[in-house]
Amino acid sequence: GAVVSQHPSRVICKSGTSVKIECRSLDFQATTMFWYRQFPKQSLMLMATSNEGSKATYEQGVEKDKFLINHASLTLSTLTVTSAHPEDSSFYICSARDWGGGTPLHFGNGTRLTVT
Amino acid sequence: SQQGEEDPQALSIQEGENATMNCSYKTSINNLQWYRQNSGRGLVHLILIRSNEREKHSGRLRVTLDTSKKSSSLLITASRAADTASYFCATDAINTDKLIFGTGTRLQVFP
């Protein structure tokens, strides 16, 4: 089945530093990947849609200069949290489809970011 | 917000009982999907029901969809302790590639 690998699973960083999270589709090509953020005991909030070879599409209220998304290949998208602050601490999850719209999403296992 | 609502927010039952979760959404959809999330993990797809379908089964799962009421339900029959997780509905809206998740139901099944 389609597998999405997300790395790292946990990261702790100091305020002001940047953190990069990788999302890879291991056995399929993903022209589109999605980045979600989840607060404890809450739902997933879509942050942005990552498009291979073009700029990401950000949801309303998500700072594109804060959350840099790069989708350089059909199997890799990265999310960089720049100048991290404690309020950026959260669970970040990526996902991708192995077919077009209307099909299920395959999720990575998420990254727990803690900013101290 | 486009986010759907689920109820109940939390549900505790004994093994062997059935669990029913409900989802309401706001937009016109191509399909509605249900996902499961174990604590601190990613989501796993359970079942997809298209807008022209009314009911679908997969193992112990039964999903209904009422597009006139913009609502769906997920029934887990003969629950097991291993079914303990959070369950989310997600809507695949028309003319968009995005999947929007509901608020989720935390299910606890006691042995």
Side-chain angles (χ1 to χ4, degrees), chain A residues 1-7 9-10 21 23-26 30-52 54 56-62 90-114, chain B residues 1-11 21 23-25 27-53 56 58 61 63 85-108:
Chain A
V3 177
V4 174
S5 173
Q6 186 172 343
H7 179 80
S9 58
R10 289 180 180 272
I21 302 170
C23 181
R24 293 180 185 273
S25 57
L26 296 187
T31 54
T32 304
M33 291 185 175
F34 303 90
W35 287 94
Y36 290 86
R37 180 174 180 174
Q38 186 178 33
F39 291 103
K41 296 187 179 180
Q42 294 191 25
S43 186
L44 282 73
M45 300 302 297
L46 180 63
M47 298 175 65
T49 302
S50 170
N51 305 298
E52 187 267 336
S54 65
T57 304
Y58 290 82
E59 294 299 301
Q60 193 172 10
V62 177
S90 192
F91 191 57
Y92 294 87
I93 315 176
C94 71
S95 64
R97 300 185 201 265
D98 57 352
W99 289 95
T103 56
L105 287 179
H106 304 285
F107 282 85
N109 276 329
T111 297
R112 172 76 58 194
L113 171 63
T114 303
Chain B
S1 168
Q2 295 180 338
Q3 190 173 43
E5 300 271 335
E6 287 182 61
D7 79 272
Q9 289 187 341
L11 180 62
M21 292 158 254
C23 166
S24 60
Y25 57 92
T27 62
S28 295
I29 61 171
N30 286 317
N31 65 66
L32 185 143
Q33 303 176 30
W34 284 89
Y35 288 81
R36 166 193 168 127
Q37 183 182 35
N38 284 51
S39 181
R41 306 282 289 182
L43 278 71
V44 174
H45 177 258
L46 295 176
I47 195 165
L48 180 153
I49 185 165
R50 302 199 182 280
S51 59
N52 60 354
E53 296 176 309
K56 202 161 184 180
S58 176
L61 305 181
V63 168
S86 291
Y87 292 83
F88 295 92
C89 67
T91 50
D92 211 338
I94 291 173
N95 296 325
T96 176
D97 199 25
K98 301 186 288 191
L99 207 59
I100 303 298
F101 284 81
T103 49
T105 294
R106 292 191 308 279
L107 173 66
Q108 174 124 38

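Note that the coordinates shown come from a computational prediction; the quantities given were computed from them, not determined experimentally. Convention: sequence-line order gives letters A, B, ...; per-chain numbering from 1.
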Handout entry: Heavy-atom check, side chain of Leu46(A) versus side chain of Phe101(B), under 4.5 Å
Key = no

Practice task
Taking the side chain as every heavy atom from C-beta outward, state whether Arg106(B) and Lys41(A) have any atom pair closer than 4.5 Å.
Solution key: yes

Completion exercise
Minimal heavy-atom distance between Thr103(A) and Gln33(B), with the atoms involved, is O-NE2, 3.5 Å

Practice task
State the OG-CG distance between Ser95(A) and Leu43(B), to the nearest 0.5 angstrom.
Solution key: 8.5 Å

Problem - Minimum heavy-atom distance between Ser43(A) and Thr103(B), given as atom pair plus value - result: CB-CA, 3.8 Å

Exercise for the section: Answer yes or no: are there more than 12 heavy-atom neighbours, outside Glu53(B) itself, under 6.0 Å from its atom CD? Expected result: yes

Fill in the blank from the handout: One option among Thr49(A), Ile93(A), Thr57(A), Leu44(A) has the most heavy-atom pairs under 4.5 Å with chain B, and it is Leu44(A)

Exercise for the section: Check each atom of Leu99(B) against the heavy atoms of chain A and say whether the ones under 4.5 Å are side chain, backbone, both or neither. Expected result: both

Practice task
Look up atom CZ in Phe107(A) and atom CZ in Arg41(B), then write down how far apart they are to the nearest 0.5 Å.
Solution key: 14.0 Å

Handout entry: Portion of Gln37(B) that has a non-hydrogen atom of chain A nearer than 4.5 angstrom
Key = side chain

Problem - Closest non-hydrogen atom pair between Gln38(A) and Phe88(B), with its separation - result: NE2-CZ, 3.8 Å

